[in-house]
Every structure is written in C-alpha cells, then in structure tokens.
Amino acid sequence: MRKDLAPDLLRLKQKERNKSKKEKEEEEEEQGEEEKGIASMLPKDFQWGFATAAYQIEGAVDQDGRGPSIWDTFCAQPGNIADGSSGVTACDSYNRTADDIALLKSLGARSYRFSISWSRIIPQGGRGDAVNRAGIDHYRRFVDDLLAAGITPFVTLFHWDLPEALHQRYGGPLDRTEFPLDFENYARVVFAALPKVRNWITFNEPLCSAIPGYGSGTFAPGRQSASEPWIVGHNILVAHGRAVRAYRDDFKAAAGGGDGQIGIVLNGDFTYPWDAADPADQEAAQRRLEFFTAWFGDPIYLGDYPASMRKQLGDRLPAFTPEERALVRGSNDFYGMNHYTSNYIRHRSSPAAADDTVGNVDVLFHNKQGNCIGPETQSSWLRPCPVGFRDFLVWISKRYGYPRIYVTENGTSIKGESDLPRDKILDDDFRVKYYDEYIRAMVTAVELDGVDVRGYFAWSLMDNFEWADGYVTRFGVTYVDYENGQKRFPKKSAKSLKPLFDELIAAA
Ligand code: PNW
C-alpha cells in the first residue's frame, strides 16, 4: 500500500503508467533491473474474463420447464422496450453453451460471470414450490464444462429476473418476510446443486431492481412509486444477508475446503462537483454517491444507511431491526463493483421532491466551465471517463476499509454501432480504447492507491438484450448476428483483453 504518496508524485507515476508498453520496455532496458519495481502489477492469480446475465442471453424461455419471470411479462407489454423486443430468443445461449465456452476459451478468459434464472430452478419461485430438475441439470453441466475448459465460474443468483409467480403472490421484494425467506431457499437449492462453484454473487445491482423497477417504472415490474424503491432495497439487503448466512453456515466449509466466497454486486457512477470551488456542490457530489452506492454499501460495511439518506427520506427509508442489522452487517466476503461512467453534480436549493432518488441534485455531463466528462455513446447515461474509475475505486476502498474488490462489470456501448455494416462493427476501436484506459486506470489504483482488486469482468461477452433498450444498444465484445441464427463474431475489443492482461499481470 502506498496511500501516503503526495498528489504530484501520484500524477507523475500515473503518467508513467500511461506510457505505451513499447516506451516502457525501452526505458526499462535503459534503467536496469532495480527500477522495474515501479511497474508493480496485478497479482498473478488475477481473475479476468467476461460477464453476462441469464435473461439477456439465454432465450429458451419455455424450454425444460422454466417458469416466467417479471421480464417476460414486462416485455410483453407494448411500449416498455425500445424496439418492441424481448428475451424470447436473445443469444440462444441456453442452447449454445458449448459455443459460449469455446468463445471464452478462444479469448483467453480465465473466468466467466453468468447468472442463474431463478424460474428455471424453481418455476413458481417459492420455498413450498417444486424444484425443476432439468433447470438444475442444465447449470450443473454448464459449470462442469466451464471447469473442464479451465474457466472459473462466478455465479450471480439474481440478475433482475424475479419469478413472475412471486410478484403475483406477494409483490416479490416488497414483502419483508416472504421475499428473504424464498430467496434464501432458492439460494440453498443452488448452493447444494453447484458444489464446485467457489465464487457467488447474491444480487446484481439492487439499485436497478429498486429504482427503475419500482420508482420510475422503466424496468420490470414497471411500478411507479415514491416509497417502494426504499422498501425493495431494504428487503433485498436482508435477503442477501440470509443467503450469505446460509452459505457460511451450511455450504462454505463443505465446498472445496472452505475457500468459497460470496458477496453482492453494487453499481455506481463516480461524481465530481459541477463547481469544484462550491462546498454545496462538493457535498452534493458526495450525497449522490451515498444515494447510489452507500445506500447498500453502508449497511453491509458500516451497519446502517447513510445519514444523508435518512435526512432526506425520513420514515420512507425502513429502519433495520436488530436481527436484520446482524444479518446484513459484515455480509460481504468481497465487494462486487459494476462501473461504467461518471457525472458532474450540481446541488439544488429547493427541497427534494417526494419522488427524488438521487439526493436532490442535478446529474450532468458538463461542469461549470463547460468541460464535458466524456464522449457520447449509444447509452444516454454512459460517457467514458477512465479517471473516474480510479477515483471511485479509491472512494469505495477508503469508505469500507480497503475490501477485496472484484470489478464484476465494466464496458461501453458505441453511438450508432448497430447502424454500421458488420465489418465496421467488428473494428470497434472506441471500445478497445475504453477497455485499455479503464483497465489501466484500475491498475493505477492498485499500484498507487493501495486498492485491492482481485478480478475484472468486461461487460459483456457478447451483444445481448439490453433491457429497456432492446437489441439496438450493443455492449458485447462479440457481435451477435440476430438475423442469422445468433452467430457470434468476436470484435477487435474481444481480442484486445488477453494481451492487455498478459502485460499487466505479474509473471508466474
Ligand atoms: C448494468 N443506468 O445495468 C447491468 O448489470 C447489465 O445487465 C447491463 O446490461 C449493463 O449494466 C449495461 O447497461 C445498468 O441507466 C443499467 O445507469 C442501467 C444503468 C446502469 C447500469
């Protein structure tokens, strides 16, 4: 750890890192052996690979006894998805596991993050409902095949696709008692079925279930409420806590000598004050981070919600019972981090609106001087800003005591990509640059700021169903030809990661 370096020295060292490989090699040759220590590196067992999620890639929604999820229902309602599409076929990955594993292997991935469809395991979702053997067998085979290919699985239990039956039965995560119990039951079924998996993620981005799902209504189940997002967030935290306790008590020791780990994945965009000299904007930028990430991170690492949230939301933010607090606090073996972009934040002087979810601030791409945070992409919310990644890694590390971090998603769409002919799509220099700059920013945080990053997953292994944006927005390092049998074509970015990590990971 070198947290004590002066800022100027840090900048100098960063400049050093940003030099091209060739420049550095030449310099190192000149400088001799002892100087090589500067380029300390990612640990040699660093896990890197690609990420996906069940509903975005699997298709096969009626196959082998799968029950419907809230995303099936949501997509069926006209107007919810930009291009009127759904995950009915997606990348057909349910039937192409061999292709996907071959793809991962050809790209040199060491690990793969994917999610399990709850309603394939328990079609009706609940703890009194039947378990679907065919669903379990599918994921057992998939894990076995990944391991046989030398690829380490990172398994997400919940990536937004709640069984529709639980939504109907009791409102899913709106129910403080039933939802955590049913999630724990589902998690236990999966832990028991997949004893070879050592890396578990309970929930992906609870914020995206809570706010787009129950606040703005832009994601399934499409509800619009000023109070429900905070209830949903709370109950997901408790459900996470229950699943972690179940894993630690009853599965961890048995599975491979107790070296398994489990955590939650939180998303967050980094923030900078709109007017860097205005204390109100500085505070607003912090408050935005608290509403985004500390909403979930603080209860897990510090035992309660941020004071800024309590202040603004009052009783709409549930209070932890002692039992809930004990479940949630300390429930992360690692911090799973999804990160894509950064914003400038301007404070508002008027009182917060009842349906405000961001901390009563303006979220902007330009600062007071008119500087833009980064170039446009196909996603209205995403503009590349690599230094924000470094700064955010440091923010999380300082706030939570330098936890072990896995970057579970990072990547970009490209403006107009879907309009291009295939050969141009495959030449995705914008994405190559994004990965290069973001990954080097991450390595700088490891080298110079003492941040403990153990793994990195690019989002995504392939173009897929981008939720409410449908298929027009492509996040893949692999092009998927949806018109011609879901055939996969690796883009330039797909092939760029192995050489990059070969350079950055310490030699064995
Ligand atoms: C993540 N936003 O979601 C998800 O985990 C992925 O499933 C998704 O495909 C990926 O990022 C790209 O979008 C997000 O509007 C969705 O700020 C939306 C936002 C952020 C993350």
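Each ligand, and each atom within it, is numbered from 1 in the order the structure gives. All values below were derived from every heavy atom in this structure, side-chain atoms included, with hydrogens, water molecules and symmetry-related copies excluded.
Residues satisfying the ring pair (Phe, Tyr, Trp, His ring centres under 6.0 Å) test with Phe292, not counting sequence neighbours, are none. The salt bridge (Lys or Arg N to Asp or Glu O under 4.0 Å) search around Asp64 returns none, not counting sequence neighbours. Residues passing the ring pair (Phe, Tyr, Trp, His ring centres under 6.0 Å) test with Tyr479, sequence neighbours excluded: none.
Remark: Arg110 fails to qualify as a cation-pi partner of Phe501 under the 6.0 Å distance and 45° angle criteria applied to the six-membered ring.
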Note every protein N or O atom lying under 3.5 Å from an N or O atom of ligand 1, pairing the names and giving the distance.
from	atom 1	to	atom 2	distance (Å)
ligand 1	3 (O)	Glu205	OE1	3.2
ligand 1	5 (O)	His159	NE2	3.3
ligand 1	5 (O)	Asn204	ND2	3.0
ligand 1	5 (O)	Glu205	OE2	3.3
ligand 1	5 (O)	Glu409	OE1	2.9
ligand 1	5 (O)	Glu409	OE2	2.8
ligand 1	7 (O)	Gln56	OE1	2.7
ligand 1	7 (O)	His159	NE2	2.8
ligand 1	7 (O)	Trp467	NE1	2.9
ligand 1	9 (O)	Gln56	NE2	2.9
ligand 1	9 (O)	Trp459	NE1	3.2
ligand 1	9 (O)	Glu466	OE1	2.7
ligand 1	11 (O)	Tyr340	OH	3.1
ligand 1	11 (O)	Glu409	OE1	3.3
ligand 1	13 (O)	Glu466	OE2	2.5

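Side-chain rings of Phe219 and Phe74 stay apart, their centers remaining 6.0 Å or farther from each other.
Of the possible polar contacts, none joining the Arg198 side chain to the Gly260 backbone as a donor-acceptor pair under 3.5 Å is found.
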